Amino acid sequence: MAPATHDALPVLDRSGDTPLHAQVAALLRGFIRTNKLAAGAVLPSEAALCVRFGVARSVVRQALAALATEGLIQRESGRPATVAAPQEHRRLVQRSTGLYEQFAQSGVALQTRVLAFARAEPPADVAAFFGTTQLLMLERLRHVADAPLAYVRTWLPADAVPGLRADDLADASLHGVLTRRFGLRPGAGRNQIRAVAADAKLAKLLHTQTGTPLLMLQGQGMDQHDRPLEWFTTWHRAEQLVFDVDVSMGHESVHPRLQDAPAERTEPAEMAKPTNSAKLAHPAFTPLPPTPEDTTSSHDSLARAQALVAELSAELARLRGQA
């Protein structure tokens, strides 16, 4: 593959406080994260980058070392650096535990920046779920290694969390704070997954292009007393996250339904191995609880799960074709 060109890269600021190697790294990082340098692309040689940016080789080496540490590029002795394939993170979608707890359990540090937290007028379906309009809207941006992974909008009942502040939720687990401070533990709920295209706001927040396919996870959760606790919507960068769905005979059925079909809230299904991984889910995919009629064999359960994975992959391909 021919080396990537960088004619459009801006010049460095030599009068500011930011070190030159950090500026070079930031420029290359931006090109990688916006897919202007795709996975497998060959970067120019160190000598070519020195000429392009007008800096010493030591500056270029520091910049490349930083990108390699972040997992954005791969370096081999005697060969030009190449853009690394995006790292994939995993999330079990039928757990009531949030993204923060799941990442912590796998040893991944998830950074959280609170964008907004205040009383707001909820949409009609959100107000109907809580039975009130006295709600707080929380907006957060989740990062891994300073790279945006997900944007989250959460609605909470105002009277259930008196005194809660935005500062309490920076780089913290919302569920952890609710449990420790207010004695509220996540209980039953329902999650739905959709493939959506990034609008201008989401594209800016997630450092991607308008129209890029995103994985949207929406959930309504109750607390341990079966009272409405949260309504959340999370938009994930699809190339960085895998949704895992646990499938077990007699305990869970996969039920794809039309997006405009009426939704009925159900209890979450029990989880058990084995696990199937899906890059995206059918619009409004919902794990359903066991029913008396659910006597499907293990073979049929696995076949349904495999068919769902194929359908979801086709949906993602369709969205990418429209982008």
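Along the sequence shown, residues carry numbers from 1. This is a predicted model, so every value here is computed, not measured.
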Could you tabulate the donor-acceptor pairs under 3.5 Å formed by side-chain atoms of residues 114-135, not counting sequence neighbours?
residue : atom : partner : partner atom : Å
Arg119  : NH1  : Gln134  : OE1          : 3.2
Thr132  : OG1  : Gln134  : N            : 3.0

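- Leu214 contributes atom CG, which lies 9.5 Å from atom CH2 of Trp235 (distance to the nearest 0.5 angstrom).
- Of all the heavy atoms in Pro162 and Asp159, the pair that sits closest is CD-O, 3.7 Å.
- In this structure, a donor-acceptor pair under 3.5 Å is present between the side chains of Gln218 and Thr233.
- When side chains are defined from C-beta on, Leu174 counts as touching Glu230, because their heavy atoms get closer than 4.5 Å.
- No donor-acceptor pair closer than 3.5 Å links the side chain of Thr212 to the backbone N or O of Thr208.
- Surrounding CZ of Arg79 are at most 12 heavy atoms belonging to other residues, nucleotides or ligands under 6.0 Å away.
- Looking at Thr82, its side chain never comes within 3.5 Å of a backbone N or O of Val42 through a donor-acceptor pair.
- Of all heavy-atom pairs spanning Thr234 and Ala150, the tightest one is CG2-CB, 3.7 Å.
- With a 4.5 Å cut-off on side-chain heavy atoms, Phe232 and Asn191 count as touching.
- To the nearest 0.5 Å, the span separating CZ on Arg52 from CG on Leu12 amounts to 8.0 Å.
- Taking each heavy atom of Pro228 and Pro157 in turn, the nearest pair found is O-CG, 3.9 Å.
- Here the CZ-CG distance, from Arg29 to Leu27, works out to 9.5 Å after rounding to the nearest 0.5 Å.
- With hydrogens and angles ignored, the 3.5 Å screen pairs no side-chain donor or acceptor of Asp223 with any backbone N or O of Pro186.
- Between Leu141 and Leu206 the shortest side-chain heavy-atom distance falls below 4.5 Å.
- Across Arg237, Lys201, Arg142, His236, a single residue satisfies side-chain contact (heavy atoms from CB on, under 4.5 Å) together with Tyr151, and that is Lys201.
- Here the straight-line distance linking atom CH2 of Trp231 with atom CG of Leu156 works out to 13.5 Å at 0.5 Å rounding.
- Here CG of Asp199 is found 4.0 Å from CG of Leu202. Values are rounded to the nearest 0.5 Å.
- The side-chain contact (heavy atoms from CB on, under 4.5 Å) search around Ala68 returns Ile73, Arg75, not counting sequence neighbours.
- Partners of Asp168 under the side-chain hydrogen bond (donor to acceptor under 3.5 Å, both in side chains) rule, at least two apart in sequence or in another chain, are Arg181.
- A donor-acceptor distance shorter than 3.5 angstrom exists from the side chain of Gln23 to the backbone of Thr18, with no hydrogens or angles considered.
- The main-chain N or O of Gly183 is found under 3.5 Å from a side-chain atom of Gln224 such that the two form a donor-acceptor pair.
- Across every non-hydrogen atom of Gly211 and Ala197, the tightest pair is O-CB, 3.9 Å.
- Rounded to the nearest 0.5 angstrom, Leu169 CG and Thr112 OG1 are separated by 8.5 Å.
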